[in-house]
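Okay, so here's the structure we're looking at.
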Amino acid sequence: MTDRYDVVIAGAGPAGAQCARDLATRGYDVVVLETESEDEFPRQSNKSTAGTFPSMMASFGIPDDVVMQYTDSVVLESPTDHYVKEQPGAVLEFADFKRYLAEDGQDAGAEYYFESRATAPIMDGGEIVGMTYNGDQEVYGDVMIDATGPAAPIAKKLGVSDLKRENHAIGIEYEFEGIDIDRPGFADLHDAMMLRLDHDIAPGGYSWIFHTGEDTAKVGLCYIQNNGHDRYARDGFAIDDYLDHWLDTDPRFQNATRIEGKQHRGSAHIQMPGQMHTDRFMAIGDTVPTVDPLWGEGINKCMQSGRMAAAAVDSCLKHGDIEPSAENLEVYDTLWHREVAPNMQKRLWMTKLLYLAENERYDEFMQNLRQLDDDTLAKANRGNVRAIANLFSPGDIPLLARFVKQEFGLGASF
């Protein structure tokens, strides 16, 4: 074990582990600091619904044996209606997926320090030169990367990432068996990932059922501490109360039971990102805010973020005489905005509008989607202005006016 590396990464999630894989493959000395123990990894950090698409798996060489269930369609539900889009997907066993990334990175030469919680940057002459972990342990490198998600201990102390509490999204999920996957009156959820827009269940957010085989599924919900949540929330309800309410009132769960040990909780910040790098430092994955939790495919974006950071490191260190200064690491921000999350502002506005709409509008939305071209929703998700406009009707003028007032007139936060 050494205390000097080319790159030090805090966090072994999809972003940090993928960045380590890419860097190790390029021949760099890289170490990953991971809070959990090696024997239990990733018990505490197993926080994702793990829905993804074959394009991500192909791009990053992810094997089939981490997949719980391949799916054929995506279903959108409103309180009384639904829309089905044929689209191949995959529901991952997230723990197996994370272990694969870590083990594959180690096979390529990356080192992992388990039971090592990154705590603070080590500074010299105004630049970060290392990190402390577990309080008083030290490790040094040419480039430091924070991939610890919303906790972001290094990024926050460097003034990078600009994570705001009022934009915090929280989620909870359980895995169940005994679910009525094809209940009359609802969409057939066999081999499907379902997302539901319904403020009675997830005010200012959404809920989901991801089929994982036979009568089992991942079931959860997420909401954002935003204007939508403030408008529709129930007094005294916490996120667990909303999930219990859904389980008690949806007939698909009448005979469902929770699978022991299969509970996941997570969080993210839903806002435009601020600065993502400085001298010798980058923030990646969920340490950087996101903009579209419903449509964003978080796993892919985190891994893309890690890959862009690895490319930025390589652009400096491979030459041997280029300092990884803020100016020279600017390529990371450029790649991030181009490859990871293009058209961010338009997509963030779309997300805000989506969660401000009332339940009745969600029912209309399902009807509208059936009348639109199949590609409209995908184009809108990518920030295409014409496609976004096609999702609205004259009846949305009050909603748009309320959004404009909150967003621009009163400076209300999302």
Run the salt-bridge test on [X] and [Y] with the 4.0 Å N-O cut-off and return the result as yes or no.
X	Y	result
R338	D333	no
K262	E177	no
D244	R258	yes
R307	E339	no

Please check if atom [atom1] in [X] has more than 12 non-hydrogen atoms from other residues, nucleotides or ligands closer than 6.0 Å.
X	atom1	answer
Q345	CD	yes
R117	CZ	no
K156	NZ	yes

Using 0.5 Å steps for rounding, measure from the [atom1] atom of [X] to the [atom2] atom of [Y].
X	Y	atom1	atom2	value
Q69	L92	CD	CG	12.0 Å
E86	S73	CD	OG	5.5 Å
K98	E103	NZ	CD	13.0 Å
L354	L399	CG	CG	9.5 Å

Have [X] and [Y] got a donor and an acceptor in their side chains that come within less than 3.5 Å?
X	Y	result
N359	D198	yes
S37	D39	no
S207	Y242	no
S267	H168	yes
Q254	D180	no
S325	D279	no
D363	T80	yes
Y70	D64	yes
Q18	D22	yes
E173	W208	yes

Item checked: Plane angle bin for Y133 and Y113 - parallel if under 30°, tilted between 30 and 60°, otherwise perpendicular ->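 Y113 vs Y133 ring planes: tilted.
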
Checklist line | Parallel, tilted or perpendicular, as decided by the 30° and 60° cut-offs, for the rings of F176 and Y174 | finding: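 Rings of Y174 and F176: perpendicular, over 60°.
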
Item checked: Heavy-atom check, side chain of Y355 versus side chain of Y223, under 4.5 Å ->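 Not in contact.
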
Item checked: Validation row: C19, I145 side chains within 4.5 angstrom (heavy atoms) ->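 Contact flag for C19/I145 side chains = yes.
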
Item checked: Cationic tip of R26 above Y28 ring, under 6.0 Å, 45° of axis ->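 No, R26 does not lie over the aromatic ring of Y28.
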
Check: With H199, which residues qualify under ring-ring contact (aromatic ring centres under 6.0 Å, His included), at least two apart?
Finding: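 ring-ring contact (aromatic ring centres under 6.0 Å, His included) list for H199, sorted by chain: Y232, Y362.
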
Next item on the list: Please answer whether the main-chain N or O of A387 pairs with a side-chain N or O of N384 as donor and acceptor at a distance below 3.5 Å.
Entry: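 The answer is yes, because a donor-acceptor pair under 3.5 Å joins these two groups.
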
Check: Does any N or O in the side chain of R21 come within less than 3.5 Å of the main-chain N or O of F60, such that one atom is a donor and the other an acceptor?
Finding: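 At least one qualifying donor-acceptor pair exists.
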
Note to self: List the residues meeting side-chain hydrogen bond (donor to acceptor under 3.5 Å, both in side chains) with T287, not counting sequence neighbours, and say none if there are none.
What the structure shows: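 Listed in chain order: nothing, the list is empty.
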
Item checked: Candidates T119, I122, I154, D146 - the one meeting side-chain contact (heavy atoms from CB on, under 4.5 Å) with M131 ->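 Exactly one option meets the side-chain contact (heavy atoms from CB on, under 4.5 Å) with M131, and it is I154.
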
Checklist line | Pair H277 and Y332, ring centroids less than 6.0 Å apart | finding: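 Between H277 and Y332, the centre distance exceeds or equals 6.0 Å.
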
Next item on the list: Sequence neighbours left out, what pairs pass salt bridge (charged side-chain N to carboxylate O under 4.0 Å, His left out) with at least one residue falling in residues 65-85?
Entry: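 Pairs touching residues 65-85 that pass the test: E77-R196, E77-R252, D81-R370.
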
Next item on the list: Report the C-alpha separation of Y5 and E111 in whole Å, then their side-chain angles, then the decisive distance to 0.1 Å, and conclude whether the side chain to side chain donor-acceptor pair (under 3.5 Å) test is met.
Entry: CA-CA 10 Å; Y5 294 86; E111 288 193 48; 3.1 Å; yes

